[in-house]
Asker: 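Below is a structure I'd like to ask you about.
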Amino acid sequence: MTDPFAGGGTPAFSNAPSLPPDHPLLRDLNPEQLAAVTLPPVHALVLAGAGSGKTRVLTTRIAWLLATGQATPGGILAVTFTNKAAREMLTRLSALLPLNVRGMWIGTFHGLCHRLLRAHHQLAGLPATFQILDTQDQLSAIKRLLKALNIDEERVKPKELQWFIAGAKEDGLRPHHLPARNDLERLQVELYQAYEAQCQREGVVDFGELMLRSYELLRDHEPLRVHYQRRFRHLLIDEFQDTNRLQYAWIKQLAGHEVDGRFVPCGNAVMAVGDDDQSIYAFRGARVGNMRDFVREFGIAEPIKLERNYRSVGHILHAANHLIDHNRQRLGKNLRTEQGEGERLRVVELPSDHEEAQWVVDEIRQLTRNDGIPPHEIAVLYRSNAQSRAIEGALFNAGIPYRVYGGLRFFERAEIKHALAYLRLLENPHDDTSFLRVVNFPPRGIGARTIEQLQQAARDAGCSLHDAVTAIGGRGGAALGAFVARLDVMRERSVGRPLREIIEGVLADSGLLEHYRAEREGAERIENLQELVNAAESFVSQEGFGRDAVALPLDETGTPAPAAGATAGGVEAETGETLSPLAAFLTHAALEAGDHQAQAGQAAVQLMTVHAAKGLEFDAVFITGLEEGLFPHDNSLSSVDGLEEERRLMYVAITRARRRLYLTHAQTRLLHGQTRYHIPSRFLDELPAESLQWLSPPRARASGGFGGFGGWGGAAAGVPQPAWGRSGLTDERPAGLAGVPLAAPPARSAPAVSASGAEIRTGMAVFHTKFGEGTVLAIEGQGADARAQVDFRRHGTKWLALAVAKLTPVS
DNA sequence: TATCATTAACTTTTT
DNA sequence: GTTAATGATA
């Protein structure tokens, strides 16, 4: 393999942008992939179907540009949505080429914007120590604002205002751009403005601001814009269908300029890669329309379509194609495979959500035992998080390890946020959000009244809470003074220290450790805090620090610009004052909230929403809850766009599966505390019959009215058991029992009384909602104090108070 | 100040 | 039905 970088950082330039077709980089690419990879430096749209090797094309494209000398590492900007995608791109790229990825601008939109803002913070009107507000912080900042302006939270809901502000920023709109046609709008705009002023005063930026501010930076400073336009000869955008208005506008700043309202691209090359059929984030501002606009404004003659799928068998792709064909607004694309038809999709109807869960679990057992599919290659997907509960319960009782995606992530945990707040105050004492978070945590006698006074004083003086402390007298003032003094001590002690010691020092000096040690359930929190120290340690030792931190502005050849005052393309390039390790780590924490907690180890069944499954693939996939109202969701049915997005969501779900796909739905489901009756999802009707295998007889479905209710309109108990046909399946279960739970379900309809020890006897088989089945080994105590020792099959021996534990006798 | 009780929401979510 | 967040009470 040729090594364009042999002998150091200066790449060898070759004028021949071609490599032999059998070059290792290009080997095994299909014609369309090859076309995309070796495209001359022009603007291009790559329509990359699910499983069509999108990431491979993207990374190979970059490698090809570098290997042929058409680009230098410093001349490439590649942008993704998630840190995970950015990491993967970097990893795969460095596997393709011996490469110093440090100088490369590969990252998330927000990561790159942050990099720009750090490098040019003065031009952008930000303090050098600006901090990033995550969504939680933003909400508390908004609540604080409303309180300060004496606005009733009933009148303006904080969440709604947050949504309003974030939405405006996603569209690139500042308060003065917004209409104020009525009182409510006027108020919202005023509050938006006040919020901005507050953020500016405190030196914090939220996620939307990160984007908007760097967009404006480029827009309003021509020399700077031209500099970056000349520098980044190649822009590559991943998941283009998920970009919002502002992100597209941001890209355009780097790729051209407006003349009389018309966009004129400059000389660099933008490659947008995406799939309009997988656009599922309209609700957070994504705008599929950007794809059409891109074609128009960048003069794309013909998109390159990657339609060969390397993931799924034929029936799965037929189903996906057939379903998505029901959408009107499409660029048009059909997936194909050379893998053969494979198995048909298995469709199952169950009487209730409970039985659906049990059926899925039984089937998972078979998949792992008989078909040799490892648990982590099995995914159970659902439309909304609430649905995981039933499935989790069934898996838990069956003793099958599972992992649920979603929930709090590492840097979002309360104790971590507390620790980070102290750290942020070391960097920037005017960060009022952080100040309020910890001013009385751990409790140090600073009550609500004192804080009110402090806030009033800060408002009057137009300064930060930190600076207003001296204005407060009395006992509260003394306590506040002590707090600030403590912060000052921590700051002094941290000077010149390695990050690890800074954090350890703060954990001790803030009293956080002590506080959690005294708390009953503080052990886990202390572990997490320890983990924070570890995270910092590995952050420092990894190159992540260098990468996330300020990049030295590079000139066109990718060589770091000489220090201070140097001009690059006519721009006074600020030398990146290298970020302190602490500042870099805080950024890292804000921009990358960390992994969703992995409950079980490797061999775990994967549970997640369909949204969370995007980009992943599994041997076997269950799509559950395929019912009208749930999937498609009720809230999306009011508009055609909404329904089409739901359909794309279904498309994403289907295309996750490699070999086997199950589609399940339940007749009744416990929702919002009551049993609801659902008819099967319309999406089932939109699948090709020849690719389906009904494991329960397909029922005549309602076509507009309630006609479909006839068969099972009664109470849950009266639902007729379908005659289960399991022809052609591996089946060790008796045919008639497939849908029946193994253990008697915890009786919901006829609550068993287990509060008194009377019915529970030694030796008895019992059922516990959490621990499943077990045998009573011993009983002691009387009445309310009665306890039983139970040996649970899956979870060992436990003592349970009968007054509390719900134990049901099993016959 | 801490704990308990009551109440509203509740689709999807990354940065 | 469950949770998260607020308000009331000891």
Side-chain angles (χ1 to χ4, degrees), chain A residues 79-86 107-114 132-140 143 153-154 157-160 163 166 169-170 205-212 214 238-239 242-244 246-247 279-286 353 381-390 393 405-409 411-412 414 440-449 519-520 548 587-596 608-615 625 629-638 642 645-646 648-650 652-653 669-676 748 769:
Chain A
V79 60
T80 62
F81 273 88
T82 64
N83 292 297
K84 196 177 155 206
T108 63
F109 274 104
H110 294 85
L112 298 183
C113 285
H114 170 258
I132 300 169
L133 290 188
D134 68 14
T135 317
Q136 282 178 37
D137 298 335
Q138 188 190 25
L139 187 62
S140 58
K143 284 183 180 166
E153 291 197 0
E154 287 301 308
K157 299 245 166 59
K159 278 249 172 66
E160 278 170 24
W163 190 82
K169 289 187 181 183
E170 276 158 11
V205 295
D206 60 42
F207 288 134
E209 188 69 22
L210 230 34
M211 275 303 319
L212 184 50
S214 70
D238 191 20
E239 306 279 21
D242 288 339
T243 51
N244 60 36
L246 177 58
Q247 284 158 340
S279 159
I280 55 174
Y281 286 110
F283 70 91
R284 67 174 198 218
D353 51 347
L381 307 185
Y382 33 81
R383 176 66 239 268
S384 65
N385 285 306
Q387 289 166 253
S388 76
R389 193 170 299 280
Y405 283 74
L408 269 197
R409 298 186 299 175
F411 286 113
E412 293 166 350
N440 195 34
F441 192 94
R444 45 176 72 91
I446 298 173
R449 211 175 48 249
E519 208 176 55
R520 271 170 300 168
D548 278 357
T587 296
H588 169 77
L591 249 28
E592 184 161 5
D595 279 336
H596 282 291
M608 64 191 85
T609 63
V610 181
H611 281 93
K614 190 175 166 215
L630 247 190
F631 198 2
H633 197 275
D634 266 333
N635 298 3
S636 65
L637 293 178
S638 52
E645 176 141 321
E646 292 287 301
R648 292 193 291 269
L649 201 50
M650 180 67 183
V652 167
R669 185 174 293 276
L670 207 54
L671 220 58
H672 302 163
Q674 47 189 336
T675 304
R676 300 265 298 262
R748 195 186 292 127
T769 45

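When reading the values below, keep in mind they use all heavy atoms of this one structure, side chains included, and skip hydrogens, waters and symmetry mates. Within every chain, numbering begins at 1; the chains are lettered A, B, ... in the order of the sequence lines, protein sequences first and strands thereafter.
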Asker: What is the distance, rounded to the nearest whole Å, between atom CD of Gln138(A) and atom C1' of dT13(B)?
Answerer: 14 Å
Asker: My understanding is that only residues two or more places apart in sequence, or in another chain, count here; which of them pass side-chain hydrogen bond (donor to acceptor under 3.5 Å, both in side chains) with Ser388(A)?
Answerer: Glu392(A)
Asker: Using a heavy-atom cut-off of under 4.0 Å over every strand shown, decide if Gly208(A) touches base, sugar-phosphate, or nothing.
Answerer: nothing
Asker: Could you list all N or O pairs between the protein and nucleotides 2-11 of chain B that sit under 3.5 Å apart?
Answerer:
| from | atom 1 | to | atom 2 | distance (Å) |
| --- | --- | --- | --- | --- |
| dT11(B) | O4' | His633(A) | NE2 | 3.2 |
| dT11(B) | O2 | Arg383(A) | NH1 | 2.6 |
| dT11(B) | O2 | Arg383(A) | NH2 | 2.3 |

Asker: Rounded to whole angstrom units, what separation is found between the CZ atom of Phe441(A) and the P atom of dT1(B)?
Answerer: 13 Å
Asker: Do the side chains of Asp242(A) and Arg284(A) get close enough for a salt bridge, i.e. N-O under 4.0 angstrom?
Answerer: no
Asker: Assign Tyr281(A) to base, sugar-phosphate, or nothing according to its heavy-atom contacts below 4.0 angstrom with the strands shown.
Answerer: sugar-phosphate
Asker: Residues two or more places apart in sequence or in another chain: which of them pass ring-ring contact (aromatic ring centres under 6.0 Å, His included) with Tyr281(A)?
Answerer: Phe283(A), His611(A)
Asker: Answer yes or no: side-chain N or O of Thr135(A) and base N or O of dT15(B) forming a donor-acceptor pair under 3.5 Å.
Answerer: yes
Asker: Does dT1(B) have OP1 or OP2 under 4.0 Å away from a side-chain N or O of Arg449(A)?
Answerer: no
Asker: For the pair made of CD in Gln247(A) and C1' in dT13(B), what is the distance, rounded to whole Å?
Answerer: 13 Å
Asker: Which residues pass the ring-ring contact (aromatic ring centres under 6.0 Å, His included) test with Tyr382(A), sequence neighbours left out?
Answerer: none
Asker: So which one's nearest nucleotide on DNA chain B is more toward 5', Ala612(A) or Gly447(A)?
Answerer: Gly447(A)
Asker: Tell me, please, which residues at least two apart from Thr82(A) pass side-chain hydrogen bond (donor to acceptor under 3.5 Å, both in side chains).
Answerer: none
Asker: In whole angstroms, how far is the C1' atom of dT15(B) from the CG atom of Leu112(A)?
Answerer: 12 Å
Asker: Side chain to side chain contact (heavy atoms under 4.5 Å, CB included) between Asp134(A) and Gln138(A): does it pass, once the steps are laid out?
Answerer: CA-CA 6 Å; Asp134(A) 68 14; Gln138(A) 188 190 25; over 6 Å; no
Asker: Within the 4.0 Å heavy-atom criterion, would you say Asn83(A) contacts the bases, only the backbone, or no part of the nucleic acid?
Answerer: sugar-phosphate
Asker: Applying a 4.0 Å non-hydrogen cut-off, can you work out what Phe81(A) is touching in the nucleic acid: base, sugar-phosphate, or nothing?
Answerer: sugar-phosphate
Asker: Want to settle it: does Phe109(A) or Glu645(A) sit nearer the 5' end of DNA chain B, counting the closest nucleotide to each?
Answerer: Glu645(A)
Asker: Grab the CZ-C1' distance between Arg284(A) and dT12(B) for me, whole Å please.
Answerer: 9 Å
Asker: Give me the first and last nucleotide of DNA chain C, going 5' to 3', that has any atom under 4.0 Å from a heavy atom of chain A.
Answerer: dG1(C) to dT6(C)
Asker: Please determine whether a side-chain nitrogen or oxygen atom of Asn244(A) lies at a distance below 4.0 Å from atom OP1 or OP2 of dT15(B).
Answerer: no
